[in-house]
Participant: 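I have a structure I would like to understand better, so I am pasting it below and will then ask my questions one at a time.
Note that the structure is predicted; figures quoted are calculated from it, not measured.
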There are 2 protein chains.
Amino acid sequence: MEKELDTETRIKEAAKRVFLKYGYEGTKIRQIAQEADVNVALVNYYFRSKEQLFKSIYMESFRAFFGKMILLLNEETPFEVKIWKIVDRYTDLIMENPLMPLFVLSENREEGSLLFKEMHVKEVIHTAYFTKQLKEEIAKGNIREVAPLHVIFSIMGNVVFPFLARPIISYIGDMDEEGFRKFMEERKKIVPEMLMAYLKVR
Amino acid sequence: MEKELDTETRIKEAAKRVFLKYGYEGTKIRQIAQEADVNVALVNYYFRSKEQLFKSIYMESFRAFFGKMILLLNEETPFEVKIWKIVDRYTDLIMENPLMPLFVLSENREEGSLLFKEMHVKEVIHTAYFTKQLKEEIAKGNIREVAPLHVIFSIMGNVVFPFLARPIISYIGDMDEEGFRKFMEERKKIVPEMLMAYLKVR
DNA sequence: AAGTGTTTTAAACATTTGTTTAAATATTAA
DNA sequence: TTAATATTTAAACAAATGTTTAAAACACTT
């Protein structure tokens, strides 16, 4: 089952791979062209400039990624189940896009990124059902008093960090791809247990 | 109290700042020269090439950073106290070098980094007193059975990730520098409590 | 003061890299 | 088929960037 892609999408797919892996500065147009098996000039023919190509890809990829994250955050599932589900699904999501986290963080070294503002990340987080749910659980006395941002970044830290440090982990733990996958599967159990153990203590 | 630095160290300090902030590809020699208030040619006069300058800085900075981390890992303090201490001191250490984590991870996108091998990171981790201690506590039945790597990367994830995502956190949480500092100070309490809550459950 | 070696400078150089051009080729429409 | 249009190519271009050069400025010794 061969995929016959037209030139424009071939370039876009190639650009995605290369940008994701090497970042904006590290990516050369000739590298994209080679990866897409296409003449260099065609990159500019279809996408005016490197920057424009980058922006369209960056926004599209991140939008898709972030969209999936938000969807889950707003799902109306009981609190504890949701913690488990979030960890499980975020792990899978990043497993499918393992380069996304470092890419996003690398391209957001400076404060005040336009992308996040354009996507209303702040508002989305603050009005997310998960945030509301967390506050309710605290009010009901079911879980310990804690700022939502700490919970969110504890989840993210525990799930995302291993992917960021993946070459290091693989090296220290002598893991191949399968080994790393197992490591992350283990975390799917450890991380929610850790979070709940903390949150439930009064 | 003015510091009168000679040209070589001025260049080196400038290079440290610029490399740390923009990474290898993102850093231009002319930018370093300007930052050091020095003629472009002097950079190559003192350090043969961009790559060589980078390497010397990269190794030196990371060595110092990693050295401090290891020291703490090998300190002979009771287990629970140590967890608290590690979180506390790592937070402070990174607060002093907030760009180091993203820098190290960005420059280690590929597997098999020489730097880590040269510094015997693997061996150091595996033979660290902390690792031994963890196994002993498990054997004594004081804490839950868990692979040391999970504990280490849970600590790192919880401590380091917020720094990696700092521009994002600051934006979402409307924090200035002081706000972020407070956020991290709060984590100094939350993270060890979370870890211990998990580890102590049997 | 002259001589010696070091440091600094402006300029040039060579390479890389993003972009454009103009001609060649393929595709589509009349 | 023919003419118009779109796509592709090799080549050139211009700007950015790492590096080198050769001379000037400086510091130090004798």
Participant: Run the salt-bridge test on K82(B) and E137(B) with the 4.0 Å N-O cut-off and return the result as yes or no.
Facilitator: no
Participant: Using a 4.0 Å cut-off on heavy atoms, which residues in residues 16-34 of chain B reach DNA chain C? List them by number, or say none.
Facilitator: none
Participant: Identify, with sequence neighbours excluded, every residue that meets salt bridge (Lys or Arg N to Asp or Glu O under 4.0 Å) alongside E177(A).
Facilitator: none
Participant: Through what angle, rounded to 10 degrees, does the axis of the helix from dA1(C)-dT30(D) to dA30(C)-dT1(D) turn between its ends, using five pairs per end?
Facilitator: 10°
Participant: Between the protein and nucleotides 7-9 of chain D, list the N/O to N/O atom pairs that are separated by less than 3.5 angstrom.
Facilitator:
{"from": "dT7(D)", "atom 1": "OP2", "to": "Y45(A)", "atom 2": "OH", "distance (Å)": "3.0"}
{"from": "dT8(D)", "atom 1": "OP1", "to": "T7(A)", "atom 2": "OG1", "distance (Å)": "2.7"}
{"from": "dT8(D)", "atom 1": "OP2", "to": "T7(A)", "atom 2": "OG1", "distance (Å)": "3.2"}
{"from": "dT8(D)", "atom 1": "OP2", "to": "Y46(A)", "atom 2": "OH", "distance (Å)": "2.7"}

Participant: Would you say the ring centers of F103(B) and F62(B) fall short of 6.0 Å from each other?
Facilitator: no
Participant: Polar atoms only, N or O, under 3.5 Å: list the protein pairs with nucleotides 24-27 of chain C and their distances.
Facilitator:
none

Participant: Which parts of residues 47-54 of chain A get close to DNA chain D, meaning a heavy atom less than 4.0 angstrom away?
Facilitator: none
Participant: Not counting sequence neighbours, list each pair that qualifies as a salt bridge (Lys or Arg N to Asp or Glu O under 4.0 Å) and has a residue in residues 35-50 of chain A.
Facilitator: R17(A)-E35(A)
Participant: Please determine whether a side-chain nitrogen of the Lys or Arg among K189(B) and E193(B) lies less than 4.0 Å from a carboxylate oxygen of the Asp or Glu.
Facilitator: yes
Participant: Only counting residues at least two apart or in another chain, list the ones meeting salt bridge (Lys or Arg N to Asp or Glu O under 4.0 Å) with K55(A).
Facilitator: E51(A)
Participant: When the aromatic ring centroids of F161(B) and F161(A) are compared, is their separation below 6.0 Å?
Facilitator: no
Participant: Mind listing the N/O atom pairs, protein and nucleotides 22-27 of chain D, below 3.5 Å?
Facilitator:
none

Participant: Would you please name every residue forming a side-chain hydrogen bond (donor to acceptor under 3.5 Å, both in side chains) with K85(A), sequence neighbours left out?
Facilitator: E75(A)
Participant: For E118(B), enumerate each residue passing the side chain to side chain contact (heavy atoms under 4.5 Å, CB included) test, keeping only those at least two apart in sequence or located in another chain.
Facilitator: M59(B), L114(B)
Participant: For S113(A), what residues pass the side-chain hydrogen bond (donor to acceptor under 3.5 Å, both in side chains) criterion, not counting sequence neighbours?
Facilitator: N108(A)
